[in-house]
Structure formats: C-alpha cells, structure tokens
Amino acid sequence: MPHIIAESLAIDFPLYHMGARSLKKRILSKAPLRLREDASHRVVVSALRDLSFRIGRGERVALIGHNGAGKTTLLRTLAGVYEPVAGRLEVAGLIGSLIDPSAGMDQESTGRENIVLRGLFRGLSEAESTAMADEVGAFSGLGEFLDVPVRTYSAGMQVRLSFAMATVMEPEVLLMDEWFLAGDAAFMAKAREKLTRLVTDAEILVLATHDMEVVREWCTRAIRLDAGRIVADGPVAEVLELA
Amino acid sequence: MLDATLPRPDQGPLYLCDAARPRRRAAALEDLATGLRRWRLPAALARLDIRNRYRGSVLGPFWLTLSTAVMVVGLGILYSSLFKLEVRNYLPFVAVSLIVWTMINQTVTDACTSLTSAEGIIRQMPLPFTVHVLRSVFRNALITAHSLPLVFLVFLATGTMPGWEVLLLIPGLLLVVANAFFVSLLLGMVCARFRDIAPIVNSFMQLAFYMSPVLWKPELLGDTARWLPLNPFYSVMETVRGPLVEGGVAPLVWLSAVLYTGLVAVVALAFFVRFRGRIAFWV
C-alpha cells in the first residue's frame with residue numbers, strides 16, 4: 001500500500017567553503033533562527049526541522065509556505081535525493097518526481113536523443129526508450145524540431161519537451177513542484193489534461209505550490225511549512241482559513 | 001524517478017531512511033550493484049561527453065591521436081639519442097608509455113570532477129552515484145581507444161611485434177580499469193568536499209610524470225630500478241606496457257600492482273560506505 005511516513009525528519013545543509021572563523025562568528029552572533037552550529041562546528045542551515053506526518057493512499061497533499069520554507073527540500077527528501085540527518089522516512093510505492101524536469105537534458109543532442117537518454121536515466125532499456133520517443137515526441141508537438149539539437153529550441157519549446165518527457169510515467173507516489181503549472185497558454189490546456197490524468201492515477205500526490213487556486217482544485221490536504229517546520233496540517237479549507 | 005530495473009517488492013517500503021539506523025553498507029552496496037547493472041546509462045553519457053567536447057571539429061577525438069603521434073615521433077627521436085638507445089627499440093616503448101600515461105593522467109584529473117560535474121543530476125534524481133563515476137571511467141577509456149591504432153602503426157613501422165605474452169594485456173587492462181573506477185570514486189568524493197584537492201592532484205600528477213618511467217626506460221636506473229615497484233604509477237602502467245613492449249611483466253610488479261589496487265579499493269569503498277549519504281550535500 002503506498003504511503004509516506006515521516007517521523008521527526010530533519011535536514012541540515014552544511015555551509016561548506018565558508019572559511020574564516022570570524023565570518024562564522026559574525027553570522028552566528030546575529031542569533032539567526034535557522035543558522036546554527038552543529039556538533040562538528042560547522043555552520044548549518046536547518047532546512048527541515050522535526051517534521052512528522054503520515055500520508056496515506058488517496059491523499060492529495062499541497063505543501064504551501066513562503067519562499068525558503070522548505071517545500072522543495074522536502075520534495076527532494078521524499079524523492080530520495082537528500083538523506084535526512086535525523087528522523088525516519090518511509091516511502092512505499094513507485095515514486096515519480098517532477099521537480100526539475102530539465103535536469104539531465106543534453107543541450108547538444110536532438111530532442112529525440114534526449115528522450116532516449118531520459119529513458120535510460122529512468123532505467124528503461126534502449127528499445128523501450130526508443131519506443132517512448134514517439135509517444136513523447138507526438139505529445140510535445142515539436143514536429144520536425146524533434147530531430148534538431150535542443151540548444152536551438154526556444155524556451156517554450158524546451159518546456160514542452162521537458163514536460164512531455166517528465167510526464168510519461170505512471171507513478172504511485174507523485175512528487176511535483178509548481179514549476180509544472182507554468183507554461184505557454186496554448187500548450188497549457190493540453191498539459192493540464194495530461195497532468196490531471198497523472199494526478200488522478202497516482203495514489204498519492206505531494207505538490208509544492210504558491211497557487212491557492214491549484215491547491216483548492218487538486219488537493220485534499222494542505223501542509224503549511226514555515227522556516228522548515230510544519231505550522232499547519234489539515235484539510236485544505238481549514239489550513240487556508242488560518243492564513 | 002520511474003525505475004524499471006529495480007525489483008518491485010509487493011510488501012514493504014521501496015525507500016526507507018532512518019537516521020538512527022542508517023544501513024550505510026547495504027545502501028552503498030546497492031548503489032554499486034544498481035550502477036553497474038545499469039552500465040548502459042554511463043556508457044551513453046560518456047559517448048555524449050566525447051561528442052559534445054569535439055562538436056564541430058573535423059578530426060574530433062582523433063586530434064588526441066594526432067597530437068600523441070607527433071609527441072611519440074618527436075620524443076622518440078630526441079630521447080633515443082639522449083639516452084643512446086636505438087630508435088627501433090625506443091619508439092614502441094615511448095608510444096605505449098605515452099598512451100598509457102595520458103590515460104592515467106586524464107583519468108586521475110577527471111576523477112576530481114566525477115561527482116561535482118554531475119551536480120545538476122545528483123540534486124534532482126536519486127541515481128546511484130556509481131553511474132557518475134562510471135561515466136568518467138568510460139569517457140577516458142573511449143578516448144584512449146582512439147589512440148590504439150597508433151600502437152599498431154608504430155609496431156608495423158619498427159617491425160617489432162609482441163609474442164604470446166600479449167595475452168597478459170587483458171588482466172593488465174582489467175586492473176587499470178578497476179584502479180580507474182576506485183580512484184574516480186575516492187577522488188570524486190574527496191574533491192567534492194574539499195575543493196583544494198583538485199589543484200593538488202594536478203600538480204602531483206606532473207611530478208609523477210617525471211618520477212615514473214614514462215619517457216625513460218626502467219633499466220636506465222641501474223641498481224635503483226629494484227625500488228621502482230614502490231611507485232604505484234609504475235606498477236599499474238607496467239601491467240599494460242610490459243606485455244606489449246617488454247616481453248612480459250615481472251611477478252613482483254604484478255604483486256605490487258594488485259596490492260595498490262586493493263588498497264585504493266578498500267579506502268574508496270570505506271569512504272563510500274561512510275559518506276555516501278552526504279554526497280548530495282557536498283556537490
């Protein structure tokens with residue numbers, strides 16, 4: 001059964017390469033909220049502090065909060081990029097992450113080659129990736145540009161390609177950053193339909209966003225983060241009311 | 001990320017991370033196993049790296065072959081008269097030496113950026129780190145492969161051909177690849193954490209070039225030559241060079257080469273097991 005369980009989860013970002021002791025003292029002396037010194041005398045940013053939550057099957061969770069509240073860090077932690085320094089995290093189910101779709105894109109390769117490469121990144125075989133290329137190519141609507149290096153694409157075309165590549169999957173746990181909701185209007189209608197299907201098919205959705213319309217439309221539960229802590233957690237209407 | 005190569009357990013979590021019980025060794029071994037099993041990805045990335053590096057160039061990676069060829073001929077003529085050696089004997093030696101050394105040097109230099117250069121990917125998807133390390137190893141292996149025709153040309157031109165001992169080349173190459181992998185893993189991690197290591201490694205490699213018998217033949221040292229197996233560069237290089245131009249490899253050289261490889265492997269793996277979870281924060 002797909003689920004996410006976090007128990008007093010914490011992530012610290014050590015600030016390496018800061019060098020000078022005096023600088024360290026100056027930063028720490030301002031008694032900041034999120035910068036502190038850890039056991040081995042490094043300055044660390046507490047990105048996430050003591051998060052405990054449980055997300056069960058069928059829940060659509062919105063992560064909301066100001067910039068730097070820890071939304072994307074939490075998504076990346078759930079995806080398995082960052083290992084927590086304290087606490088426990090358990091994610092059951094096939095994870096699909098739409099965090100930064102352009103990562104791993106090769107600017108010199110053509111759109112088609114990039115789609116095959118993305119397939120390999122995901123652990124598909126070459127044959128499966130090539131088969132995926134047609135589907136993705138058709139959805140992106142790039143047409144003849146699919147066989148031209150990505151370097152020559154306009155920003156909008158790159159977005160189309162990334163979006164098409166990223167959404168060819170059927171995850172059980174879908175992690176999504178709000179990046180995906182931005183895009184050119186013509187493509188957006190098509191993209192939205194695809195996303196809606198992806199979201200409805202996934203058993204769990206975790207979405208980081210600033211857009212309250214999106215939260216109301218898609219989510220059943222909201223978690224508000226502030227300075228790396230959970231300040232509110234509950235049904236969307238309740239959490240949005242509090243703000 | 002959707003990952004079709006991972007077995008899908010029906011019960012239990014796919015991803016579990018507990019800071020109190022880190023299971024570091026299991027995580028590191030799984031990383032290695034998954035990374036090696038998915039070798040097609042680093043191979044594809046290595047091919048792309050080479051293609052992009054030489055994009056628009058007519059000769060492409062064969063520029064390296066050409067520059068090595070010029071070096072071999074130039075140095076071959078100069079040093080054979082400096083060392084009073086016959087050109088016919090010295091040329092195959094210096095050709096193989098230079099190619100092997102270029103590979104070692106490039107691999108070690110690239111090792112310093114094996115993880116930092118994949119920063120964008122590391123922060124976005126939980127790929128095995130082994131993939132990035134293999135990418136660096138494969139890239140250098142491919143580049144070296146472009147220089148191989150040169151060896152045959154030199155052999156043809158000088159009329160020297162190695163005998164059956166050339167079969168020893170295979171274990172020699174395997175040893176070099178193992179070394180390249182573990183050095184890339186170790187230096188990749190250390191250089192990601194401490195950014196001063198890369199320049200140190202670079203200047204150290206210059207010193208190592210002169211201190212190792214690349215241009216000069218080991219025999220020229222006379223009695224002192226018996227200390228040469230203490231130089232890891234010599235031992236590892238010799239396992240490839242010996243079968244090609246020196247009629248075989250001394251057992252002592254093999255022994256020391258295997259010992260060095262084992263040592264690097266142990267240190268690299270110990271580091272990897274301990275610090276694997278921190279790499280995403282370092283790059």
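Heavy atoms only: backbone and side chains are in, while hydrogens, waters and symmetry mates are out. Just so it is clear: chains get the letters A, B, ... in the order the sequence lines come, proteins before strands, and each one is counted from 1.
A:Leu78 touches chain B through its backbone: at least one of N, CA, C or O sits under 4.5 Å from a heavy atom, while the side chain does not. Interface remark: A:Ser125 contributes no atoms to any contact with chain B (heavy atom separation under 4.5 Å). For a residue to count as touching a neighbouring chain, one of its non-hydrogen atoms must lie under 4.5 Å from one of that chain's; by this rule A:Glu113 touches chain B with the side chain only. Proximity to chain A is limited to the backbone of B:Ile122, based on heavy atoms less than 4.5 angstrom apart. For B:Arg123, the parts sitting under 4.5 Å from any heavy atom of chain A are the backbone and the side chain alike. For chain B, the nearby part of A:Glu126 is the side chain; its heavy atoms alone come within less than 4.5 Å.
Between the side chain of B:Arg40 and the backbone N or O of A:Leu124 there is no donor-acceptor pair closer than 3.5 Å.
Shown here is A:Tyr153, whose OH atom has more than 12 heavy atoms of other residues, nucleotides or ligands within 6.0 Å. Surrounding CZ of A:Arg54 are at most 12 heavy atoms belonging to other residues, nucleotides or ligands under 6.0 Å away. Heavy atoms from other residues, nucleotides or ligands lying under 6.0 Å from CZ of B:Phe204 number 12 at most.
Between chain A and the residues B:Ile121, B:Asn52, B:Leu45, the largest count of heavy-atom pairs under 4.5 Å involves B:Asn52.
Annotation for B:Pro126 and A:Val81: closest pair N-CG2, 4.1 Å, computed over non-hydrogen atoms. Between A:Ile99 and B:Gln124, the shortest heavy-atom contact is CG2-OE1, 3.6 Å. Between B:Tyr15 and A:Thr77 the shortest heavy-atom distance is CE2-O, 3.9 Å. The heavy-atom pair separating A:Ser109 from B:Arg51 by the smallest distance is OG-NH2, 3.0 Å.
Separation of atoms CG (B:Leu16) and CD1 (A:Ile5) is listed at 9.5 Å; rounding is to 0.5 Å. Rounding to the nearest 0.5 Å gives a distance of 9.5 Å between CD of A:Glu90 and CG of B:Asp18. Residue B:Leu41 holds its CG atom at 6.5 Å from CG of A:Leu117, rounded to the nearest 0.5 Å.
Looking at A:Glu83 and B:Arg278, their side chains never come closer than 4.5 Å, going by heavy atoms from C-beta outward. Within the 4.5 Å cutoff, the side chain of B:Phe281 has heavy atoms near those of the A:Ile11 side chain.
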